[in-house]
Peer 1: 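Before I ask anything, here is the structure I am working with.
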Amino acid sequence: MTRTDDDSWDITESVGATALSVALARARETECECPLFTDRYAQYFVDAAVERGWRPPSSGPMAERLRIIGGYAAARTKWFDEQFIAAGANGIEQAVILAAGLDARAWRLPWVHGTVVYEIDQPRVLEFKAETLAAHSARPAAGYCAVPVDLRQDWPKALRDAGFDPSAATVWSAEGLLSYLPAAGQDLLFERIVELSAPGSRVAVEAFSPRFFDPEYLERQAEQWRRIRESGAQTPNDLWYVEERTDLEQWLTGRGWKVAAIEALDLMRRYGRSPAADDEQTIPRSVFIEGRRPS
Ligand code: SAM
């Protein structure tokens, strides 16, 4: 599927369907013997999408890939959960989840009373989410505000119009987003985040690791994608912008933010979810970056 600068999608198509794959991974994690987190909403989303005709891959190379990256998805979810919880414990009561997809944190995390969570994603994705949660009478555990807007458009205006307060410290997250934005779009996104971030704000990001662009790794990935495509499945990398990026760690540091980062395999190890040696090449070469603007 070819991307365009103003493409849009429903939950079962194009980039929208990637949110379903994440929900599927969270539903599986929730059901496993020793989950890193529980997300009972994830299965609601999967079921609602299946009712709309979506079919999760059940066999073949794509199903195998989803199985292998389950540990990655679980570790990633846990890491972002911890970022929000730590921000709340440090007095931050405004959260913005960029490209929220089917992230159910506003419903399932123990938010500090008074916190407001803003979620940005495309309109049809947020509509599906709201309908599904309403069908289960789910209530958010914080103040909640959906901001249906494309992140390539003037989302800061939409966010302010929705009540976002740029003078209050904010915790931002970008999970499973940056690969779907071109490099220039990523730069603009972070310029805007920094502009809207009062002192004391934090940002949590999953980004391409510089190691992602290692030609040998890219070649092995291309081979995996080719096998998946031949099996008739859609491959999410067709939706990615594989372009070298600004080094976010350096960029944030240059703007006075304190930065810490951890590579995906190290994070998985930290949570006891290291992949089997044969599966290591399938794990996305991402880096998880935590930035804090001093108060
Ligand atoms: N962050 C969510 C999570 O981890 O559960 C969803 C991740 S999913 C892989 C990617 C999400 O990014 C989708 O929900 C998609 O709609 C959203 N997205 C990608 N590009 C976007 C854009 N330009 N504007 C708004 N949302 C976007």
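Just follow the structure's listing: the first ligand is 1, and inside any ligand the first atom is 1.
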Peer 1: Is a salt bridge present between R202 and E290, judged by a nitrogen-to-oxygen distance below 4.0 Å?
Peer 2: no

Peer 1: Could you list, one pair per line, each nitrogen or oxygen of ligand 1 together with any protein nitrogen or oxygen closer than 3.5 Å, giving atom names and the distance rounded to 0.1 Å?
Peer 2:
unit_1, atom_1, unit_2, atom_2, d
ligand 1, 1 (N), A99, O, 2.8
ligand 1, 1 (N), E175, O, 2.8
ligand 1, 4 (O), R26, NH2, 3.1
ligand 1, 4 (O), E175, OE1, 3.3
ligand 1, 5 (O), R26, NH1, 2.8
ligand 1, 5 (O), R26, NH2, 3.2
ligand 1, 14 (O), D121, OD2, 2.7
ligand 1, 16 (O), W9, NE1, 2.8
ligand 1, 16 (O), D121, OD1, 2.6
ligand 1, 16 (O), D121, OD2, 3.4
ligand 1, 23 (N), D150, OD1, 3.0
ligand 1, 23 (N), R152, NE, 3.4
ligand 1, 24 (N), L151, N, 2.8
ligand 1, 26 (N), D121, OD1, 3.3

Peer 1: Measure centre to centre between the rings of F213 and F208, then say whether the value is under 6.0 Å.
Peer 2: yes

Peer 1: Could you list the donor-acceptor pairs under 3.5 angstrom formed between side-chain atoms of residues 250-262 and any protein atom two or more places apart in sequence or on another chain?
Peer 2:
unit_1, atom_1, unit_2, atom_2, d
T253, OG1, E249, O, 2.5
R255, NH1, W251, O, 3.0

Peer 1: Can you list the residues that meet the side chain to side chain donor-acceptor pair (under 3.5 Å) rule with D5, with sequence neighbours excluded?
Peer 2: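 Not a single residue meets the side chain to side chain donor-acceptor pair (under 3.5 Å) criterion with D5.
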
Peer 1: Under the salt bridge (charged side-chain N to carboxylate O under 4.0 Å, His left out) definition, can you give me all pairs with a residue in residues 30-42, not counting sequence neighbours?
Peer 2: D39-R108

Peer 1: Is the cationic atom of R105 (NZ for Lys, CZ for Arg) positioned less than 6.0 Å from the six-membered ring centroid of F80 and within 45 degrees of its normal?
Peer 2: no

